[in-house]
Student: 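Next up is a structure, given as structure tokens.
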Amino acid sequence: MQKRKVMMENEGKRPSQGRNPLRRVAVLATGGTIAGAAESGTQAGYTSGKMGIDAMIDAVPGIRALADVHGEQIANVGSQDMSFAIMIRLAQRINELFAADAADGIVVTHGTDTMEETAHFLNLTVKSRRPVVMTGAMRPYTAISADGPLNLYNAVSVAADPAADRRGVMVVMNDRIHGAHSLTKTNTTSVETFLSPVNGLIGTVFYGNVAYFRRPFRKHTYQSEFSVDGLTQLPRVDILHACADMPADLIECSVERGAKGIVIAGHGNGNMNAATIDTAARMAAQGIVIVRSSHVATGTVSRNIELDDDRLGFIAADELNPAKARILLMLALVKKRSLANLQDLFYTY
Ligand code: GLU
């Protein structure tokens with residue numbers, strides 16, 4: 001069954017050798033370990049965001065034979081310093097390039113720490129059917145067996161592939177193609193850090209040879225109702241991590257500091273202790289949006305299982321981990337919405 005599906009997905013796809021070398025791929029760089037440098041090839045410590053995009057592209061053999069590649073530096077930060085200001089600028093620039101028909105596909109280089117957050121943000125705000133492919137590296141450019149050059153080569157291969165259209169924002173790392181909705185970072189240092197545990201991979205890419213398994217199931221990019229047009233800031237939404245004997249007043253502190261929504265990175269299926277439930281329900285009654293997600297690595301958070309969400313006024317994050325649930329909620333709270341509508345968004349995106 002799976003095999004048949006793979007064959008169907010690849011139907012009509014040209015082999016890599018037949019790809020039009022003139023397809024235009026813009027590489028927008030934001031920094032990260034892929035642009036990182038250390039004193040020596042075996043040094044564990046390094047500084048993210050040291051190399052410029054043109055030097056990175058020039059260091060990848062054969063990349064200019066894949067596509068007409070053009071680099072542009074958007075930022076140069078370790079992705080722990082990725083901000084919504086940079087994400088908004090990035091989404092606006094991608095929309096601008098596609099609207100002007102200045103690129104057939106776009107690659108975004110990015111640190112892996114917050115890659116899934118920016119990928120999800122772009123998946124909700126890019127307005128195009130054309131491919132946006134993010135990539136990064138776990139090892140700096142100067143390391144022995146650096147993974148960045150091949151990741152960049154593979155990312156450009158996917159971005160230059162017409163069959164990559166309408167698959168939303170993807171992340172290419174370590175020969176895998178992940179969907180923005182599904183991927184998550186699972187290892188602090190290994191090159192096999194990203195997994196898509198809930199939904200599986202979009203496909204694979206092996207030295208530029210691309211194979212697809214599926215399209216994303218949820219709405220994204222050109223189907224999305226969210227927009228960065230004229231957007232300069234987003235409402236504050238905080239994430240609170242559930243733990244044994246969690247102090248419930250953290251919720252009050254967040255609200256006092258201006259949070260309009262709170263995502264609970266709950267235990268298991270989005271659980272929290274009784275004191276936190278009481279405080280969260282009190283805040284929900286005052287109009288603060290409470291979303292239950294989970295700090296567990298995989299699985300969904302469903303409504304009305306151990307908690308009566310209908311009575312408490314809570315939202316279930318469904319497939320989104322806390323960081324991605326927060327981003328969806330921030331974009332959603334740009335305008336006023338009912339709880340029913342907010343819950344529906346978590347089933348849709
Ligand atoms: N902190 C770095 C970053 O996210 C390291 C992770 C990486 O890029 O691999 O930029």
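Note that the coordinates shown come from a computational prediction; the quantities given were computed from them, not determined experimentally. Just so you know, ligand 1 is whichever comes first in the structure, and atom 1 is the first atom listed for that ligand.
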Student: In Å, rounded to the nearest 0.5 Å, how long is the span from OH of Tyr222 to CG of Asp165?
Tutor: 9.0 Å

Student: Would you call Arg23 and Asp161 a salt bridge, using N to O less than 4.0 angstrom?
Tutor: no

Student: Which ligand 1 atoms, with their elements, are less than 4.0 angstrom from a heavy-atom of Thr33?
Tutor: 2 (C), 5 (C), 6 (C), 7 (C), 8 (O), 9 (O), 10 (O)

Student: If we only count N/O pairs under 3.5 Å, is Asp113 in contact with ligand 1?
Tutor: yes

Student: Would you check whether Ala137 has a nitrogen or oxygen atom less than 3.5 angstrom from a nitrogen or oxygen atom of ligand 1?
Tutor: yes

Student: Under 3.5 Å, is there a donor-acceptor pair linking the side chains of Asp310 and Asn304?
Tutor: yes

Student: Counting each atom of ligand 1 from 1 as listed, which ones have a heavy atom of Gly78 under 4.0 Å away?
Tutor: 10 (O)

Student: If you draw a 6.0 Å radius around CD in Gln233, do more than 12 non-hydrogen atoms from other residues or ligands fall strictly inside?
Tutor: no

Student: Does an N or O anywhere in Lys185 fall below 3.5 Å from an N or O of ligand 1?
Tutor: no

Student: For Gly111, take its heavy atoms, then give the atoms of ligand 1 lying under 4.0 Å from any of them.
Tutor: 3 (C), 4 (O), 8 (O), 10 (O)

Student: State whether Asp101 and Arg130 are salt-bridged, where the test is any N-O pair (Lys NZ or Arg NE/NH1/NH2 against Asp/Glu carboxylate O) under 4.0 Å.
Tutor: yes

Student: Taking the inter-plane angle between the rings of His295 and His267 on a 0 to 90° scale, is it parallel (under 30°), tilted (30 to 60°) or perpendicular (over 60°)?
Tutor: perpendicular

Student: Any chance the rings of Tyr153 and Tyr207 have centres within less than 6.0 Å?
Tutor: no

Student: Can you list the atoms of ligand 1 that are under 4.0 Å from a heavy atom of Ser79?
Tutor: 3 (C), 4 (O), 10 (O)

Student: Look only at interatomic distance and state if His110 has a nitrogen or oxygen under 3.5 Å from any nitrogen or oxygen of ligand 1.
Tutor: no

Student: With heavy atoms of Gln80 as the reference, note each atom of ligand 1 found under 4.0 Å away.
Tutor: 1 (N), 2 (C), 3 (C), 4 (O), 10 (O)

